[in-house]
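We number each residue from 1, following the sequence as shown. Values reported hereafter were calculated over all heavy atoms of this structure, with side chains retained and with hydrogens, waters and symmetry mates removed. Because the structure is a prediction, the values reported are computed rather than measured.
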Amino acid sequence: MAHSSNSGSETSQVLAQEALTQEALTIEAVIAKQAIHDLNAQYCRAVDRCDTPLMQSIWHPDATVDVGVFAGAAADYAEIITQPNDVMERSFHAITNELYNIDGETAEGEAYVTAAVTLIEDGEKVERLVGGRYVDKFVKHDGLWKFYHRLFVVDWSNTFNSEQVWRDSVFAMFTNHGSRGKEDLSYSRL
């Protein structure tokens, strides 16, 4: 009888250990997903604010990017995408619908993105609204999650004549305007 009781106790201990292991894996997955979410937020900030050091910091050294107009090393992409230019007056990227599969120190995921940009084309301002998805691979590098590969898939786009109204109507009361560089107000707060 003692053997049976001891066996039940051992089984309970094994089940308890398995439950703790599963809980630890779940917590690690949640932590990983939050870190990857933060990578996407940093990516958007780096693009919209032309922040080259931030953009460089989020990629694994061997990372690659394929966004259609550029396919190659992420280090080169980080330099190109964050350079201010006379054609793009402003941009705004927003990430939604994030889905990630975590597998130890690697992960894959898809995140929906909407980008609104103000461009100067033939001396006229136009607004371009683009929707798509980032299909990404991630890796934990030196204890931090980094992008390993980014593929941008375009799902839709619209172009409008610019009718920006900063100083008229209800928008006149909003005096804090964003900008594409480090002079953006957020850099003095974050």
Side-chain angles (χ1 to χ4, degrees), residues 34-100 105-162 164 177-190:
Q34 181 62 49
I36 291 169
H37 167 82
D38 289 351
L39 277 179
N40 274 314
Q42 292 168 342
Y43 175 88
C44 293
R45 179 183 175 89
V47 170
D48 293 339
R49 302 293 156 242
C50 299
D51 189 333
T52 304
L54 177 59
M55 181 62 79
Q56 292 169 332
S57 74
I58 62 177
W59 301 95
H60 182 277
D62 299 327
T64 56
V65 178
D66 181 354
V67 294
V69 298
F70 177 92
D76 296 334
Y77 177 75
E79 289 289 330
I80 294 166
I81 195 69
T82 56
Q83 293 306 305
N85 64 68
D86 295 335
V87 175
M88 187 176 297
E89 185 174 285
R90 71 178 40 87
S91 66
F92 177 91
H93 289 73
I95 299 288
T96 61
N97 299 352
E98 299 168 283
L99 179 63
Y100 304 112
E105 296 200 345
T106 64
E108 295 182 341
E110 176 185 66
Y112 285 56
V113 60
T114 303
V117 296
T118 303
L119 303 170
I120 311 296
E121 293 180 352
D122 300 323
E124 299 289 325
K125 289 185 184 182
V126 295
E127 307 292 334
R128 191 152 296 140
L129 191 59
V130 180
R133 290 167 287 129
Y134 293 128
V135 180
D136 297 320
K137 292 183 180 181
F138 308 91
V139 65
K140 208 167 187 182
H141 179 71
D142 293 335
L144 299 172
W145 284 96
K146 303 284 184 177
F147 287 106
Y148 192 74
H149 180 73
R150 166 153 279 187
L151 172 68
F152 175 57
V153 178
V154 177
D155 289 319
W156 56 269
S157 70
N158 291 307
T159 301
F160 310 93
N161 291 328
S162 181
Q164 287 183 3
H177 299 163
S179 63
R180 282 190 49 81
K182 295 247 177 154
E183 64 277 358
D184 185 79
L185 292 172
S186 65
Y187 280 90
S188 67
R189 313 267 167 121
L190 299 176

Kindly compute the distance separating [atom1] ([X]) from [atom2] ([Y]), expressed to the nearest 0.5 Å.
X	Y	atom1	atom2	result
His37	Tyr100	NE2	OH	7.5 Å
Arg133	Leu151	CZ	CG	9.0 Å
Arg45	Asp184	CZ	CG	7.0 Å
Tyr112	Glu98	OH	CD	12.5 Å
Leu144	Ile58	CG	CD1	12.5 Å
Asp51	Tyr187	CG	OH	3.0 Å

4.5 Å side-chain heavy-atom contact, [X] and [Y]:
X	Y	result
Ile120	Asp86	no
Val65	Trp59	yes
Asn97	Glu110	no
Glu105	Val139	no

Is it the case that atom [atom1] in [X] sees more than 12 heavy atoms from other parts of the structure closer than 6.0 Å?
X	atom1	answer
Glu183	CD	yes
Asn161	CG	no
Phe92	CZ	no

Problem - Option from Thr64, Asp66, Asp136 for which side-chain hydrogen bond (donor to acceptor under 3.5 Å, both in side chains) with Arg150 holds - result: Asp136

Exercise for the section: Would you please classify the geometry between the Tyr77 ring and the Tyr43 ring as parallel, tilted or perpendicular, with 30° and 60° separating the classes? Expected result: parallel

Check [X] against [Y] and note the closest heavy-atom contact, atom names and distance.
X	Y	value
Gly132	Phe152	CA-CE1, 4.0 Å
Cys50	Thr82	CB-O, 3.0 Å
Ala94	Cys44	N-SG, 4.4 Å
Val87	Asn85	N-OD1, 3.0 Å
His93	Tyr134	CD2-OH, 3.9 Å
Gly109	Phe138	N-CE1, 4.1 Å

Problem - Any donor-acceptor pair under 3.5 Å from Lys146 side chain to Ser57 backbone - result: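 Flag set: sc Lys146 to bb Ser57 pair under 3.5 Å.
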
Handout entry: Donor-acceptor under 3.5 Å (Glu79 side chain, Ala75 main chain)
Key = no

Problem - Any side-chain donor near an acceptor of the partner, Gln34 and Asp38, under 3.5 Å - result: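 Side chains of Gln34 and Asp38: pair found under 3.5 Å.
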
